[in-house]
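Below, all heavy atoms of this structure are taken into account, side chains as well, without hydrogens, waters or symmetry copies. Letters go in sequence order (proteins before strands), and every chain restarts at 1. Computed from a prediction, not measured in an experiment: that's the story for all the values here.
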Amino acid sequence: MSDAKNIVIFDFETTGLSPKMGDRPIEIGAVRIKNGLLVERFQALMHPGIRISSFIENFTGISNKMLAEAKPCAEVMGRFCDFIGSDNLVAHNASFDKRFLDAELHRISRGYSGQISCSMLLARRVLRDAPNHKLGTLVDYLNIQTEGVYHRALFDSEMTANVWLAMINKIQQHYKMKTIPFALMQKLCKTPAAFAHRTILNWK
DNA sequence: TGCCAGGCCCTCTTTAGGGCCTT
């Protein structure tokens, strides 16, 4: 288990890769972890104000027709900001999701006080033997049960949460600690990968 | 006109380049 503060693990589906290039989110999914358990979920489609490409429709299964009935980004992101509260945040390849989170909250003059950590960077250190560090590969590598479709925000955030908890469990066993401070997870993510594995984790 | 992400990480590195990962 991590420290007493809750963690919100979140994932965006978006129109593309870069908010600076005009891309917007089309779906947000998130789960809250408390004392090592998944206790709350958040999911919402949102209308980005533009039509999405056929590539994104095929990639996510989210269609322009579905988005036509969705609330605008500003409304959904306001609700999501309320959901986050002061909790710490985790995402898979967090630099990607953070860019969209920051851009959308900036648009509505909102923010967050929690710290953000990245499950992909942690996996590169803790699960070095995995074939690669894509979310789906890590889920298979860890034998995590799945029931859902990848590239939908809630399912991806649930799978990220399961991977995160599995890595916490591995670190707990390594350090023989009952709780793992979020700050330690962040420190591992920011430590050069080879150094982290050789001198901090020192597996085997 | 045509192109356009960006941060991390490894190595054939550090005065760089290319793959990974996210949609």
A/R152/A/E27 under salt bridge (charged side-chain N to carboxylate O under 4.0 Å, His left out): CA gap, chis, key distance, verdict
CA-CA 8 Å; A/R152 287 303 300 266; A/E27 187 182 39; 2.8 Å; yes
Would you measure the distance from the P atom in B/dT23 across to the matching atom in B/dT11 and give it in whole Å?
26 Å
Is the phosphate of B/dG6 approached by A/K20 (side-chain N or O, under 4.0 Å from OP1 or OP2)?
yes
Contacting residues from residues 91-99 of chain A, given that a heavy atom lies under 4.0 angstrom of DNA chain B:
A/H92, A/N93, A/F96, A/R99
Determine the contact category for A/F12: base if any of its heavy atoms lies under 4.0 Å from a base atom, sugar-phosphate if only primed atoms, P, OP1 or OP2 are that close, otherwise nothing.
sugar-phosphate
To the nearest angstrom, how far is A/R125 atom CZ from B/dG7 atom P?
16 Å
Suppose you measure atom C1' in B/dG6 against the same atom in B/dT1; what distance do you get, rounded to whole Å?
25 Å
Starting from P on B/dG7, measure out to CG on A/L121 and report it in whole angstrom.
12 Å
Whole-Å P distance, B/dC8 and B/dC4:
22 Å
Rounded to the Å, how far apart are A/N132 CG and B/dC8 C1'?
15 Å
Just call it for A/M21: base, sugar-phosphate, or nothing, with non-hydrogen atoms closer than 4.0 Å on any strand.
base
For atom C1', what is the distance between B/dC10 and B/dT14, given to the nearest Å?
13 Å
Positions of residues 54-70 of chain A (non-hydrogen atom under 4.0 Å from DNA chain B), listed by number:
A/F55, A/I56, A/F59, A/T60
In whole angstroms, the gap separating C1' of B/dT22 from CZ of A/R24 amounts to 18 Å
Partner of A/V8 by side chain to side chain contact (heavy atoms under 4.5 Å, CB included), out of A/V31, A/I116, A/D87:
A/D87
Look at the rings of A/F59 and A/H151 and say which category their plane angle falls in: under 30° parallel, 30 to 60° tilted, over 60° perpendicular.
tilted
Salt bridge A/R41-A/E158, side-chain N to carboxylate O under 4.0 Å
yes
Would you indicate, yes or no, if B/dC20 has its OP1 or OP2 atom less than 4.0 angstrom from a side-chain nitrogen or oxygen of A/H133?
no
Under 3.5 Å, is there a donor-acceptor pair between the side chain of A/R125 and the main chain of A/L188?
yes
Rounding to an integer number of angstrom, what distance separates B/dT15 and B/dG2 when you compare their P atoms?
36 Å
If two hydrophobic side chains count as joined below 4.5 Å and joins carry through other members, does A/Y150 share a cluster with A/F12?
no
Rounded to whole angstrom units, what separation is found between the CG atom of A/L188 and the P atom of B/dC8?
16 Å
CE-OG1 distance between A/M21 and A/T15, expressed to the nearest 0.5 angstrom
11.0 Å
So what does A/L135 touch, heavy atoms closer than 4.0 Å: a base, only the sugar-phosphate, or nothing?
sugar-phosphate
Cation-pi check for A/F100 against A/R24: NZ or CZ below 6.0 Å from the six-membered ring centre and within 45 degrees of the axis, yes or no?
no
Look at A/R110 together with A/D82 and state whether they make a salt bridge at an N to O cut-off of under 4.0 Å.
yes
Determine the Euclidean distance between corresponding C1' atoms of B/dC3 and B/dC9; express it in Å to zero decimal places.
27 Å
Look at the side-chain heavy atoms of Ile, Leu, Val, Met, Phe, Trp and Tyr, link any pair under 4.5 Å apart, and say whether A/L38 and A/L142 land in one connected group.
yes
A/M120 has an atom CE; how far is it from atom P of B/dC9, in whole Å?
8 Å
What's the separation between atom CD1 in A/I84 and atom CG in A/L105, rounded to the nearest 0.5 Å?
6.0 Å
Nucleotide B/dT23, atom P - distance to CD1 of A/I52 in whole Å
14 Å
Position toward the 5' end of DNA chain B (nearest nucleotide), A/D156 or A/P192
A/P192
Atom CG of A/D11 and atom P of B/dC21 are separated, to the nearest Å, by 16 Å
Can you tell me, in whole Å, how much space there is between the P of B/dG19 and that of B/dC12?
14 Å
